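Each remark here refers to the structure printed beneath this line.
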Amino acid sequence: MAGVCALFRDSPQRMQLARMAVDPAFQGKGFGWQLMEFALNYAKDAGVQSVYLLSNTCLNAAISMYEKAGFQAISRDQHPIYARCNIVMEKRL
């Protein structure tokens, strides 16, 4: 398995992209991008208006990929629940 991701529906209009990970042996080969594109297309087909994600700014490659895909930071503070999260990003579909 090269990678995984999940989508969680928060409401009829919004989903969370979560558990996004690519095995180190497959990183840098476009698998993360393919996973994200598949998830975003699935969300769009499901009729949601936006997808958001929780991450950490130390994950430079991931943050860069999310920005390239059109995600924008909506919060850059320590998350109140998830200690490892210091950025929330969202993409409007």
Side-chain angles (χ1 to χ4, degrees):
M1 179 172 20
V4 297
C5 71
L7 281 171
F8 297 103
R9 187 181 288 272
D10 280 359
S11 73
Q13 298 84 22
R14 194 172 190 217
M15 287 184 165
Q16 177 187 5
L17 177 64
R19 315 294 192 272
M20 183 88 163
V22 175
D23 184 299
F26 294 95
Q27 290 178 0
K29 299 178 180 175
F31 288 103
W33 186 262
Q34 288 178 338
L35 281 169
M36 186 180 52
E37 278 191 318
F38 181 86
L40 292 173
N41 285 331
Y42 181 90
K44 185 182 277 187
D45 291 345
V48 300
Q49 297 172 358
S50 68
V51 174
Y52 76 99
L53 60 90
L54 310 174
S55 192
N56 189 293
T57 53
C58 73
L59 302 172
N60 294 323
I63 299 299
S64 177
M65 181 180 70
Y66 299 141
E67 290 174 338
K68 183 177 176 185
F71 282 86
Q72 296 180 347
I74 58 173
S75 172
R76 290 185 178 268
D77 296 320
Q78 187 64 43
H79 194 275
I81 299 172
Y82 302 107
R84 297 184 312 183
C85 173
N86 69 356
I87 187 169
V88 180
M89 302 180 82
E90 185 173 40
K91 177 180 173 73
R92 306 292 278 159
L93 303 176

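The basis for the numbers below is simple: all heavy atoms, side chains too, and nothing from hydrogens, waters or symmetry mates. Because the structure is a prediction, the values reported are computed rather than measured.
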Study note, to complete from the structure: The reported gap from OG1 in T57 to CG in N86 (rounded to nearest 0.5 angstrom) is 3.5 Å

Exercise for review: For the pair L53 and M89, evaluate side-chain contact (heavy atoms from CB on, under 4.5 Å) and give the outcome as yes or no after the intermediate values.
Suggested key: CA-CA 5 Å; L53 60 90; M89 302 180 82; 4.0 Å; yes

Check your understanding: Of N56, V88, L54, which meets side chain to side chain contact (heavy atoms under 4.5 Å, CB included) against Y82?
Key -> L54

Practice item. Please collect all salt bridge (Lys or Arg N to Asp or Glu O under 4.0 Å) contacts where either partner lies in residues 80-93, sequence neighbours excluded, each pair once. Key: R14-E90

Check your understanding: What residues form a side chain to side chain contact (heavy atoms under 4.5 Å, CB included) with D23, not counting sequence neighbours?
Key -> A25, F26

For residues 58-73, which side-chain donor-acceptor pairs fall under 3.5 Å, sequence neighbours excluded?
none

Check your understanding: Once you round to the nearest 0.5 Å, how far does SG of C85 lie from CD of Q78?
Key -> 7.5 Å

Point to revise | Listed partners of Q34 passing side chain to side chain donor-acceptor pair (under 3.5 Å), at least two apart | key: none

Review point. So L17 and C5, side-chain contact (heavy atoms from CB on, under 4.5 Å) or not? Walk me through it.
Key: CA-CA 7 Å; L17 177 64; C5 71; 4.2 Å; yes

Point to revise | Under 3.5 Å: donor-acceptor pair, side chain of Q27, backbone of V22 | key: yes

Study note, to complete from the structure: Hits for salt bridge (Lys or Arg N to Asp or Glu O under 4.0 Å) against R19, two or more places apart or cross-chain, chain-then-number order -> none

Check your understanding: Rounded to the nearest 0.5 Å, what separation is found between the CG atom of L93 and the CE atom of M15?
Key -> 9.5 Å

Atom pairs and distances, side-chain donor-acceptor, residues 35-46, under 3.5 Å, sequence neighbours left out:
unit_1: E37; atom_1: OE1; unit_2: W33; atom_2: NE1; d: 3.4
unit_1: E37; atom_1: OE2; unit_2: W33; atom_2: NE1; d: 3.2
unit_1: N41; atom_1: ND2; unit_2: E37; atom_2: O; d: 3.2

